[in-house]
There are 2 protein chains.
Amino acid sequence: MPAPHRDRHHHHVLVRKLDRLVPLTEDDAGALADLSVGARQVRPRTELLHEGDTPDEVILVLEGFAARCKFQPTGHRQILAHLLPGDLCEADAGHLSRLDFSVGTLSACMVAFIPRRALVSTLERHPAMARALRLAKLQEEAISREWLVNVGCRSALERMAHLLCELQVRLQAVGFATRNGYGFPITQQDLGDTLGLSNVHVNRTLRVLRDQNLIEWRERQMRILDLPQLQAIAAFKAGYLHSTTGHESLPR
Amino acid sequence: MPAPHRDRHHHHVLVRKLDRLVPLTEDDAGALADLSVGARQVRPRTELLHEGDTPDEVILVLEGFAARCKFQPTGHRQILAHLLPGDLCEADAGHLSRLDFSVGTLSACMVAFIPRRALVSTLERHPAMARALRLAKLQEEAISREWLVNVGCRSALERMAHLLCELQVRLQAVGFATRNGYGFPITQQDLGDTLGLSNVHVNRTLRVLRDQNLIEWRERQMRILDLPQLQAIAAFKAGYLHSTTGHESLPR
DNA sequence: CGTCCTCTTGAGACTACTCAAGCGGGGTGG
DNA sequence: CCACCCCGCTTGAGTAGTCTCAAGAGGACG
């Protein structure tokens, strides 16, 4: 029993992600999949783009956790965004002279480096993809707004719960989470740099969630035991992710 | 002694701001200025766009301080961005179904409500403006990244100093700051909601800066007495604002 | 087998918060 | 014109949340 024709490339993360935002043709999907030939396995804690660079390649994460981050003179690191499978990074950074942050892997990752020119020309030939990427960018911005709220006015427990809920939704949208958990191959230090907490306090906060039987985290696998309760703690509203069931209104 | 021809519209904030990013023709400038006819005076603490709305108008601030903000169920408010004179807000929000934040004035403001269709058609006829707006958007994103760093890993004193430095640069770029200060008509509570601090702690933090003769803030006028020292406290690097002397490289 | 890295837990310190009270200026109504 | 009131600023006191320093345990890897 053959899969429907239009699903031929749907094993590809980026296709899965964008098709939820804007229905793609089989032709679109193929062109998209072609962009990520030559993907490479990258070790954890590897810098992919450096602060101050003017990269002529765009990063596409296919597997694993990567991140945008900024390093402070004090040695502190702030993680600005998690780059999950299907996330395309710095698509329009070419407009700026220099990056004001760096991009690196947290875990081992499968990453494609897409020449900007190739991306641009593909987008010109596939306007639906361009529209989907604009929507994806808006989602990203909504996430970073929520992160500012997180560090700005939530307690450690609330922040942690909120992040775990967000990842559940985002990863599920690209097929990297089950109903009650996901692979979570990052360190507690990474988590601290994400949430603006010390690694020690991250540990204590996780223990509270574990002691309340809300989560379990072993062998790089996060199990969400009580999602409703976790969402309640975080006052988590999935709406901001704009990824509910796909196919947003398409003005303009 | 007549002003040079191309300066005819340069009394307009948005023209001043965008012309620094991409040189505009007199024709561009005129079209831009036309968009803000019908600007209105708005009282402080007025909501301009509401969370959940799908606005068909874009906000242009001509005078005063406005802000994007998110309200929490707990009653807390997080300010996501300051909208200063020359800032154009939610230019591409039309792509999303619903706003996940609201926009409101902090101080009394002069604001233009620009119908999205008018903006779009002007941008189609003036591609330089469209390019300038894309660059302005990138600046905004850089600022919000820096804000995340601010609340994520800086102390109260550092956060405050950093914000004051940022405003000095941003306001000077649109002619709303002198070399050593600017009008600063917002409350300490607003400042707290911006920096993730309580209003009480904002007050104490300001007193430290005042006691060290770094700033003076009276009658809604902020005077920066020692900018280098303030920048040193904040580890402030103006580079992220990408507004140094204008006319960035223009790829693509 | 040793080393390194991450996780874990304890103890003590410090930053920032909450609650509370007083002050001062600007606007409003008598 | 004056009195009052409200809102924002200021300062104090005590508390809570988070941080730093430190030490030990458990794995992974060479």
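Worth saying up front: this structure is predicted, and the values here are computed from it rather than measured. Chain letters run A, B, ... following the sequence lines, proteins first and then strands; every chain starts at 1.
- Per the geometry, CZ belonging to R43(A) stands 13 Å off C1' belonging to dA28(D), to the nearest Å.
- Distance from the side chain of V200(B) is smallest to dT18(C) among dT8(C), dA16(C), dT18(C).
- Listed pair Q188(A) / dT8(C) meets the phosphate criterion, a side-chain N or O lying under 4.0 Å from OP1 or OP2.
- Rounded to whole angstrom, the span from the CG atom of N150(B) across to the P atom of dA16(C) amounts to 12 Å.
- Atom pair L209(B):CG and dT10(D):P shows a separation of 13 Å (rounding to whole Å applied).
- Within the nucleic acid shown, G192(A) has no heavy atom closer than 4.0 Å to any nucleic acid atom.
- Within the 3.5 Å criterion, the main-chain N or O of D190(A) finds no donor-acceptor partner in the side chain of D193(A).
- Distance CD (E219(B)) to P (dG24(C)): 16 Å, rounded to an integer number of Å.
- Counting to the nearest Å, the C1' atom of dG17(D) and the CE atom of M160(A) are 15 Å from each other.
- The aromatic rings of F184(B) and W217(B) sit tilted, their planes meeting at an angle between 30° and 60°.
- Between the CG atom of D211(A) and the C1' atom of dT8(C) there is a distance of 12 Å, rounded to whole Å.
- A heavy-atom distance below 4.5 Å is found between the side chains of R145(B) and D100(A).
- Base contact: R204(B) has a heavy atom under 4.0 Å from a base atom.
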| task | Given side-chain contact (heavy atoms from CB on, under 4.5 Å), test H162(B) with L164(B) step by step and report yes or no. | result | CA-CA 5 Å; H162(B) 199 279; L164(B) 296 180; over 6 Å; no

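- By the 4.0 Å N-to-carboxylate-O rule, K70(A) lies close enough to E146(B) to be salt-bridged with it.
- S198(B) comes within 4.0 angstrom of a base, heavy atoms only.
- Nucleotide dG12(D) holds its P atom 15 Å from the NE2 atom of H201(B), rounded to whole Å.
- Backbone-only engagement by R45(A) is indicated by non-hydrogen atom pairs under 4.0 Å involving sugar-phosphate atoms exclusively.
- We find that CG of N199(B) is positioned 15 Å from P of dA16(C), with the value rounded to whole Å.
- For the OP1/OP2 pair of dT10(D) and a distance below 4.0 Å, the side-chain nitrogens and oxygens of N203(B) include at least one atom meeting the criterion.
- For L197(A), whose side chain is taken as the heavy atoms from C-beta onward, the closest listed nucleotide among dC19(D), dT6(C), dT10(D) is dC19(D).
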